[in-house]
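This structure is a prediction, so every number in the text was calculated from the model and none was measured.
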Amino acid sequence: AIYQSSSAGKCKPVGPLPDTTPPIVALTAPANNAIVSESSVPVSADASDDVGITGVQFQLDGTDLGAEDIAAPYSISWNTTLTTSGSHTLTAIARDAAGNRTTSSPVTVTVNPTVTVAATDPNASESGLNPGLYQISRSGDTSEPLAVQFALSGTATNGTDYQSVGNSATIPAGAVSTEVTVADDCGRTKKMVWRRECFVEIRSSKRLMARFLAPFSKSCQYEVSHVI
């Protein structure tokens, strides 16, 4: 309390001491240097104060991220698909009733787009003009082109059992997808008879997305997976 001398030379209390102690706050999620890509990423913080926390405001690159959370546990959901790809900084600002504020140490995160692979023509075959097509799609920011690398594996030989397919594709700026064609090994335009069938498998993160029936000259298959 604050004391003041009276006319009798005695001290009497006139009011409480002002609260000048700032809150303590620290981000607890996501972790520093985390890579995120989901549409609902939890952002949370721990905050404490000698009197009490009034609210915690999360910020992304210095701009408010959602509304202030006024009750513990302090957390919001961040839709990263609305954020540009690349490195970003998260902070949390805690305040108390006296107006004291503390900004947490920053956490750096990297936003990656979500990339998926799907077959757009699941019945590809050398028996006629019907090449295989698979589509690489992305979610999130489309303001810049996105280069996607993919890996081929299996018993079929790239460039021999089917026309050579590279290991990357680029989704143009402003677009959400691009297509890659799987054609027979010499671009035949007439029906031909083959002794054995070949299955072409499209996989994303080890999960089978589609299977093409492609009767190549020998029993074979290949798989397609992707990495950013």
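- Taking the side-chain hydrogen bond (donor to acceptor under 3.5 Å, both in side chains) definition, one finds that Ser40 meets it with Ser77, sequence neighbours left out.
- With sequence neighbours excluded, the residues that form a side chain to side chain contact (heavy atoms under 4.5 Å, CB included) with Ser139 are Thr81, Thr114.
- Distance alone, capped at 3.5 Å, is enough to place a donor-acceptor pair between the Thr102 side chain and the Pro23 backbone.
- With side-chain heavy atoms closer than 4.5 Å counting as contact, directly or through intermediates, the hydrophobic cluster containing Ile76 also holds Leu27, Val36, Val41, Val43, Ile53, Val56, Phe58, Leu60, Leu65, Tyr74, Trp78, Leu90, Val107, Val109, Val111.
- In terms of the side-chain hydrogen bond (donor to acceptor under 3.5 Å, both in side chains) criterion, Ser105 has no residue partners (sequence neighbours excluded).
- Every residue two or more places apart in sequence or in another chain that forms a side-chain hydrogen bond (donor to acceptor under 3.5 Å, both in side chains) with Asp61 is listed here: His88.
- Every residue was checked against the side chain to side chain contact (heavy atoms under 4.5 Å, CB included) condition with Glu144, not counting sequence neighbours, and none meets it.
- Residues that satisfy the side-chain hydrogen bond (donor to acceptor under 3.5 Å, both in side chains) test with Ser39, not counting sequence neighbours, are absent from this structure.
- Partners of Ala98 by side chain to side chain contact (heavy atoms under 4.5 Å, CB included), not counting sequence neighbours, listed by chain and number: Asp19, Asp96, Asn100.
- Taking all atoms of both residues into account, the shortest heavy-atom contact from Ser104 to Ala26 is CB-CA, 4.1 Å.
- Using a 3.5 Å distance cut-off with no hydrogens or angles, the side chains of Gln149 and Asn167 do not pair a donor with an acceptor.
- Annotation: side chain to side chain contact (heavy atoms under 4.5 Å, CB included) contacts of Thr28 (sequence neighbours excluded): Ser44, Asp46.
- In this structure, Ile93 CD1 and Asp64 CG are separated by 7.0 Å, a value rounded to the nearest 0.5 Å.
- Applying the salt bridge (charged side-chain N to carboxylate O under 4.0 Å, His left out) definition to pairs two or more places apart or across chains, none involves residues 164-183.
- Scored by the salt bridge (charged side-chain N to carboxylate O under 4.0 Å, His left out) test, Arg95 finds Glu68 as partners (sequence neighbours excluded).
- Scanning all heavy atoms of the two residues, the minimum distance from Pro22 to Arg101 falls at CB-O, 4.3 Å.
- Without hydrogens or angle criteria, Thr54 side chain to Ala97 main chain gives a donor-acceptor distance under 3.5 Å.
- Shortest non-hydrogen contact noted between Ser87 and Thr108 is OG-CG2, 3.4 Å.
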Side chains of residues 168-176: which donor-acceptor pairs under 3.5 Å do they make with residues two or more places apart or in other chains?
none

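- Within the model, atoms CG of Asn33 and OG1 of Thr110 stand 7.0 Å from one another, a figure rounded to the nearest 0.5 Å.
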